[in-house]
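Everything numeric here is computed off the predicted structure, so don't read it as measured data.
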Amino acid sequence: MLETAIAAARAAGEILRERFAQPHEVRSKGLRDLVTEADLLAQDAILGTIRSRYPAHQVLSEEAPAAEGEDAGCQWFVDPLDGTTNYARGIPFFSVSIAVVAQGELAVAVVYEPLGDRLFQAIRGEGAYLNGQRLQVSARAALIEALLDLGWARSQPARLACLQAAQALGPHIGSARTLGSAALGLAAVAAGWEDVYYHPELAPW
């Protein structure tokens with residue numbers, strides 16, 4: 001499943017990379033929620049790869065109307081383009097996110113950053129890796145040294161929670177970032193680049 005997730009992420013990443021500098025078809029799905037033609041093309045590439053190898057597995061993708069396939073004990077969670085607002089505006093920070101839940105437990109995960117060709121991968125119980133190198137979370141113990149990545153939620157209640165977190169932590173931490181890709185924010189914590197990722201409104205993918 002890890003090999004399939006990697007192949008699917010790289011296929012989607014190639015599409016995103018090739019189309020990044022081109023004009024995009026952008027439409028709104030809801031409040032502060034965008035989708036581009038690249039999201040859909042990347043999703044097609046991912047779903048095609050997964051279905052060709054695991055046709056019985058259930059797949060839940062951000063841009064699909066509903067879960068597809070049977071459960072068969074395995075569910076795939078797909079975000080073909082995490083950071084669509086960045087992508088649509090030409091900000092070079094976005095990712096592809098794919099994970100597998102097997103028998104109710106997260107088993108495999110891949111986050112791919114196409115422009116930098118950075119592949120984060122993990123198998124449950126075996127650690128996390130970036131381009132083959134083992135990752136380690138930060139050892140910082142003092143809050144004043146912490147780097148916080150603050151996810152900027154869409155809904156008004158969740159956005160207020162983000163503001164409250166920033167107000168409460170802001171005077172006491174080292175610094176803060178808002179990178180715009182939740183999957184990369186979590187990967188940055190796994191790599192020890194950031195110490196905390198906070199977002200009150202994440203979807204399963």
Indicate the atoms forming the closest heavy-atom contact of [X] with [Y], along with that distance.
X    : Y    : value
D82  : A183 : OD2-N, 2.7 Å
L135 : A190 : CB-O, 3.5 Å
I46  : P80  : CD1-CA, 3.8 Å
A99  : L106 : CB-CD1, 3.8 Å
E194 : G185 : OE1-O, 3.7 Å
A122 : L2   : O-CD1, 4.4 Å

If only atom types and distance count, is the side chain of [X] paired as donor or acceptor with the main-chain N or O of [Y] below 3.5 Å?
X    : Y    : value
E113 : L115 : yes
T178 : L150 : yes
R134 : Y129 : no
N131 : R118 : no
R17  : P114 : yes

Distance (rounded to the nearest 0.5 Å) between [X] [atom1] and [Y] [atom2]:
X    : Y    : atom1 : atom2 : value
D79  : Q43  : CG    : CD    : 9.0 Å
C162 : H199 : SG    : NE2   : 6.0 Å
I50  : I98  : CD1   : CD1   : 5.5 Å
R10  : L119 : CZ    : CG    : 5.0 Å
L81  : S95  : CG    : OG    : 8.0 Å
L41  : I15  : CG    : CD1   : 6.0 Å

For a 4.5 angstrom cut-off between non-hydrogen side-chain atoms, does [X] reach [Y]?
X    : Y    : value
R51  : H57  : no
R53  : M1   : no
H172 : I144 : no
T84  : T36  : yes

Audit row: D195, S138, side-chain hydrogen bond (donor to acceptor under 3.5 Å, both in side chains) steps and yes/no: CA-CA 6 Å; D195 304 291; S138 167; 2.6 Å; yes

Mind checking whether [X] and [Y] sit in one hydrophobic cluster, side chains of I, L, V, M, F, W, Y counted as touching below 4.5 Å?
X    : Y    : value
L184 : L16  : no
V101 : L186 : no
V189 : V196 : no
Y197 : W152 : no
V111 : V100 : no

Tell me, with the steps shown, if V59 and V78 meet side chain to side chain contact (heavy atoms under 4.5 Å, CB included). CA-CA 7 Å; V59 181; V78 174; 4.1 Å; yes

Ring centroid separation for F94 and F20, is it under 6.0 angstrom? yes

Assert yes or no for the condition that the ring centre distance of F120 to Y112 is strictly below 6.0 Å. no

Before you tell me yes or no, could you show the steps for R124 and E105 under side chain to side chain contact (heavy atoms under 4.5 Å, CB included), namely the whole-Å CA-CA distance, both residues' side-chain angles and the distance that decides it to 0.1 Å? CA-CA 9 Å; R124 183 178 185 85; E105 289 191 328; 3.4 Å; yes

In terms of relative ring orientation, are Y54 and W76 parallel, tilted or perpendicular, with 30° and 60° separating the classes? tilted

Between N86 and S181, does any side-chain donor sit less than 3.5 Å from a side-chain acceptor? no

Would you sort out whether F77 and E62 count as a side chain to side chain contact (heavy atoms under 4.5 Å, CB included), showing the intermediate values? CA-CA 8 Å; F77 291 86; E62 181 178 13; over 6 Å; no

Please report the C-alpha distance between R177 and S175 in whole Å, then the side-chain angles of each, then the deciding distance to 0.1 Å, and finally whether the side-chain hydrogen bond (donor to acceptor under 3.5 Å, both in side chains) criterion is met. CA-CA 7 Å; R177 302 287 185 273; S175 189; 2.8 Å; yes

I'd like to know whether R159 forms a side chain to side chain contact (heavy atoms under 4.5 Å, CB included) with E201, so could you lay out the CA-CA distance, the side-chain angles of the two residues, the decisive distance to 0.1 Å, and finally the verdict. CA-CA 9 Å; R159 183 155 292 193; E201 197 179 41; over 6 Å; no

